[in-house]
Structures are given as C-alpha cells and as structure tokens.
Amino acid sequence: MSMMTPDSRQPAVSGDPSQNNHFAFAAMTSLFFIWGFITALNDILIPQLKAAFSLNYTQAMLVQFCFFGAYFLVSPLAGKLIERIGYIKGIMVGLATIALGCLLFYPAAEISVYALFLFGLFILASGVTILQVSANPYVAILGKEETAASRLSLAQAINSLGHTLAPLFGAALIFSATADLSASAGVAGATADAKSVQLPYLILAGVTLLTAAGFYFLKLPLLTPPVAAASPTQQQLTAESSIWQQKGLLLGVLAIFLYVGAEVSIGSFLVNYLALEHIGGLSEKQASTMVAYYWGGAMIGRFIGALLTRYISASYVLLSNALIAILLLFVTMNSTGMVAVWSVIAIGFFNSIMFPTIFTMAIRGLGPLTSRGSGLLCQAIVGGAILPLLQGLVADSVGVQLSFIVPVLAYGYIAGYAWYSNRQHRTLTSLSQVSL
C-alpha cells in the first residue's frame, strides 16, 4: 500500500515552487515557536506547582513525565493520522488539541487539584506531539535533502525563541500573580499559587485557536515524502518495509530520547538549582530570567548551527557540542557561585543543533517510511519524561548538584552516536562512488 494521503493527491506546489516553499517555511516557524514556548513554560510551572502542592523533586517532575509521556503514547497514532489526513490538517488538529489542554488549567486551578493539572498537561502535550510529527518532516522535505539539517536548525532556532521568551512571560504573569493573589484577603497561599497559572494558559489557548484558523485559510504546498533512492547496501524502501530494520533510525531514536531527556532535565532543575545559596542564591523570579538565558543560548546556537552545517559535516558539529556539554556539566557539578551558574546556563548554546541534526540524520533515506520514522523519533521525546524523573530521584537522594550526572551520561551516548553516524555515512558515500 503506497502512502497516499488526501494532501498527496493534489499538486505539491503551484506557481513558483521556490516562493511557495519560502512562504510555507515561514508559516511553519510559527508552529515551532508555539510548541517551544509551551514546553519551556513547564520550567516555570514546575517550581510554582511544587510550592503550591508542597511536592518533593520527584513529585514535581511528574509535570514533565505527563507532558513528555504523551509523546510516547500519542506519536504512533499521530503518525498514522498524518498518513490519513496529511500534514496541514494534522497541524490544525494538533493546535486545537493544545488549546483544549490549556483550557483545562482553569478548572484545575479553581479546585486546586494537582492530578487535573497533570491531565491537562497530557492533553496539551498530545497536541504538541501531533504538531511535531507533522511539522518536522514537512520542513525536512521542503527543499533539498542536503540542506535539510540546516533548514530544520533554522526552524528550531525559532523554536528556541519561544523557549527564551516563555520564562520571561511566566515570571511576569505567574510569579507576579502569585504575589498579588497571596496579598489578597481571604486567599490561601496554595490556592493563590495554583490560580496564578489561569491567565497565561487562557492566553495560550486563544493564540493556538487563532493559529489553527490561520492555517485553515493558508494555501501551503501539499507535500509527500520523496522516494528513497536505492543504495549499494540496501534495497529501495517501500511503504511495506519495516522501520524496525532501519539501524540508523533506531540509533537516532535512542539519541533523541537521551538528548531531549538531558535538555529537559537541566531546564527543569534550573530555577531550584540557581536558588541554592551556594550556587546563585537567586529568588524564583530572578532564576526564571536566567532560564531565559539557557534557552536564549540555544536560539543563538541554532542560528549559528544553521550556517555551520551548510559547510561542516553535521555529525562533527554534533560530536563537538556533546563533548563540550559534558565538560560544562562537570564544571557546574564541581564549583559554586557564578562559575556553577554560567557553566550550566552555557549548555543551552551547545544543545542548539542537537535535535535537528539527530532528527535529519535518523530519517535520511527513509523515503516512504519518513512519516513513520518521524513518528518513532517523536515518540522518543518521551526521554523528557523519564530522565527528569530519574534526575529527581537522584536529587532527592544526593542533592541537586550531583544529580547532573544523569545528563552527563546522556551526552556521552550522543557523542558516540555522532561518531558512529559520521563513520557510516562516509562508508556509504565511498560505496556509492565506487558503484558509479
């Protein structure tokens, strides 16, 4: 069965393909911004709910467990949904689902029930998952394959802009609202903390619904994955081929799992880590601003990475960034004061190109299996649920500072994956040249 969708039966582009592709790419960046903004807002939500419900670190990390757990459960369904209705309709479904999840925060805050917050986060993340399964491969195939990593890095830079602005948005609306509500007569502290998230998430619901309406009226190119060319070492893939036989994809899935887990773990602990007296001694509002620097570094790094990966092998850039991230983690684990603060913040810059680079390396050559491969890679984002929870357990046992050993191990695998992928790509390139 060939992977035809309602979208794929129509012409892919009309008019000037280059202009259509540029317009489509610009439209897609709005989605990357939205899910980056929502994801980073969890870093502000965690300390807020931790205080509101008197949670320990492990319990607080259930926010990320429910959010990123949705990727694992929903990604396979999202991949099949995209095959049936196409990328563009999938985007509209994802945006509507995000809005529903955001709206659930209002009753959760009214009755002050942590479990309902977690359920709302799961629904919200389900929508983000559908967006990722739709938008990542769409951007990857919206042009030449050799520039896919650069194109996705640029889109991820806009994603990082959302990550950068979200902590500032959260600090301004959530922490300020907490102070105002706590000062009001007759409002309990825990209730005030919970209600402070209502307005921000109502705003997000409205924005996502407006964006979904915008995509309904936009005339974007209707794309399908290209057919993979046969290589000297493998037969041409078909829609009936098994993704479980694609070694490069499976290794990339584990790399995505560990990368997202490491990035999310670091971001999730930043506010509480920087508030420690021997580290930064910052208030929650001040620490939230520093979280913006962490994600801002990723944004700058992705703009630079989009340029670098046009001239330098993406695997070399990935390898060097992973090794530097490991070095910075060891520095923050063995220092105090501003050295510890800025070494952990700087990791954001070196995280920058990891996701788009791993993603494009993993789906390279999948052809008609691209949507399923994308779904499996997005499913691996469940690492953002598992590693923060694991680091929470370590933090409760030996302290937050030493708990950063968890992301150290993750970056170690990523460095190994980059080395292996570069070696395999060079081998295949040599074989292809010989066969010519």
Side-chain angles (χ1 to χ4, degrees), residues 39-40 42-51 53-65 67-69 167 254-284 286-295 297-298 321-351 354 382-417:
T39 303
N42 287 351
D43 296 340
I44 308 304
L45 188 65
I46 287 170
Q48 192 71 5
L49 295 182
K50 184 177 185 294
F53 294 100
S54 302
L55 308 172
N56 60 28
Y57 284 114
T58 305
Q59 292 168 332
M61 290 305 143
L62 288 175
V63 167
Q64 301 292 33
F65 183 80
F67 187 90
F68 288 96
L254 181 55
I256 288 287
F257 176 92
L258 293 172
Y259 161 68
V260 175
E263 180 188 52
V264 171
S265 286
I266 294 169
S268 299
F269 278 87
L270 274 182
V271 172
N272 291 118
Y273 181 59
L274 299 181
L276 294 176
E277 193 62 35
H278 69 288
I279 300 298
L282 305 177
S283 67
E284 288 184 334
Q286 291 172 326
S288 297
T289 301
M290 299 300 289
V291 174
Y293 291 138
Y294 173 74
W295 294 113
N321 281 23
L323 293 176
I324 294 171
I326 292 171
L327 176 62
L328 289 169
L329 281 168
F330 276 121
V331 170
T332 199
M333 289 169 64
N334 292 280
S335 59
T336 59
M338 297 313 292
V339 173
V341 169
W342 286 110
S343 56
V344 73
I345 293 295
I347 295 170
F349 180 85
F350 297 98
N351 278 336
M354 290 190 185
V382 72
I386 305 301
L387 265 69
L389 197 62
L390 178 60
Q391 188 170 348
L393 290 169
V394 176
D396 285 330
S397 299
V398 299
V400 177
Q401 192 166 19
L402 292 179
S403 73
F404 284 107
I405 190 63
V406 174
V408 165
L409 298 175
Y411 288 122
Y413 173 85
I414 293 167
Y417 170 75

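For Y293, the OH atom counts as loosely surrounded, since its 6.0 Å shell holds 12 or fewer non-hydrogen atoms of other residues, nucleotides or ligands. Atom OH of Y57 has more than 12 neighbouring heavy atoms from other residues, nucleotides or ligands inside a 6.0 Å radius.
Every side-chain hydrogen bond (donor to acceptor under 3.5 Å, both in side chains) that D396 has, sequence neighbours left out, goes to T58. The side-chain hydrogen bond (donor to acceptor under 3.5 Å, both in side chains) search around S268 returns Q64, not counting sequence neighbours. Applying the side-chain hydrogen bond (donor to acceptor under 3.5 Å, both in side chains) test to S335 and every residue at least two apart in sequence or in another chain returns nothing.
In this structure, the separation between CG on L270 and CD1 on I44 is 9.5 Å, given to the nearest 0.5 Å. Note that OH of Y417 is 10.0 Å distant from CG of L254, once rounded to the nearest 0.5 Å. For the atom pair I414 CD1 and N321 CG, the distance stands at 10.5 Å (nearest 0.5 Å). Between the CZ atom in F350 and the CG atom in L328 there is a gap of 6.0 Å [rounded to 0.5 Å]. Note that CG of N272 is 12.5 Å distant from CD1 of I279, once rounded to the nearest 0.5 Å. Here the CG atom belonging to N42 is positioned 9.5 Å from the CG atom belonging to L49, to the nearest 0.5 angstrom.
D43 is listed as a side-chain neighbour of W295, based on a closest heavy-atom distance under 4.5 Å. Between E263 and Y259 there is a side-chain heavy-atom pair separated by less than 4.5 Å. Side-chain contact between V394 and L402 is absent, with no heavy atoms from C-beta onward closer than 4.5 Å. Taking 4.5 Å as the limit, some side-chain heavy atom of S288 sits within range of a side-chain heavy atom of V271. At least one side-chain heavy atom of Y411 sits under 4.5 Å from a side-chain heavy atom of N351. At a threshold of 4.5 Å between non-hydrogen side-chain atoms, the residues W342 and M290 count as touching. T289 places none of its side-chain heavy atoms less than 4.5 Å from the side chain of L282. For the pair I324 and F349, the minimum side-chain heavy-atom distance is 4.5 Å or more.
Checked by atom type and distance alone, the side chain of N56 pairs as donor or acceptor with a backbone atom of Q59 at under 3.5 Å. No donor-acceptor distance shorter than 3.5 angstrom exists from the side chain of T332 to the backbone of L329, with no hydrogens or angles considered. With S265 contributing its side chain and A262 its backbone, the two residues share no donor-acceptor pair below 3.5 Å.
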Show your working on side chain to side chain contact (heavy atoms under 4.5 Å, CB included) between V408 and M333 and close with a plain yes or no.
CA-CA 10 Å; V408 165; M333 289 169 64; 4.3 Å; yes
Let me see the working for F68 and I386 under side chain to side chain contact (heavy atoms under 4.5 Å, CB included), right down to the final yes or no.
CA-CA 8 Å; F68 288 96; I386 305 301; over 6 Å; no
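A perpendicular orientation is assigned to the rings of Y273 and F404, their planes being inclined by more than 60° (bins at 30° and 60°).
Heavy atoms only, all atoms of each residue included: A410 and L387 are closest at CB-CD2, 4.0 Å. Taking each heavy atom of G261 and P388 in turn, the nearest pair found is O-CD, 4.2 Å.
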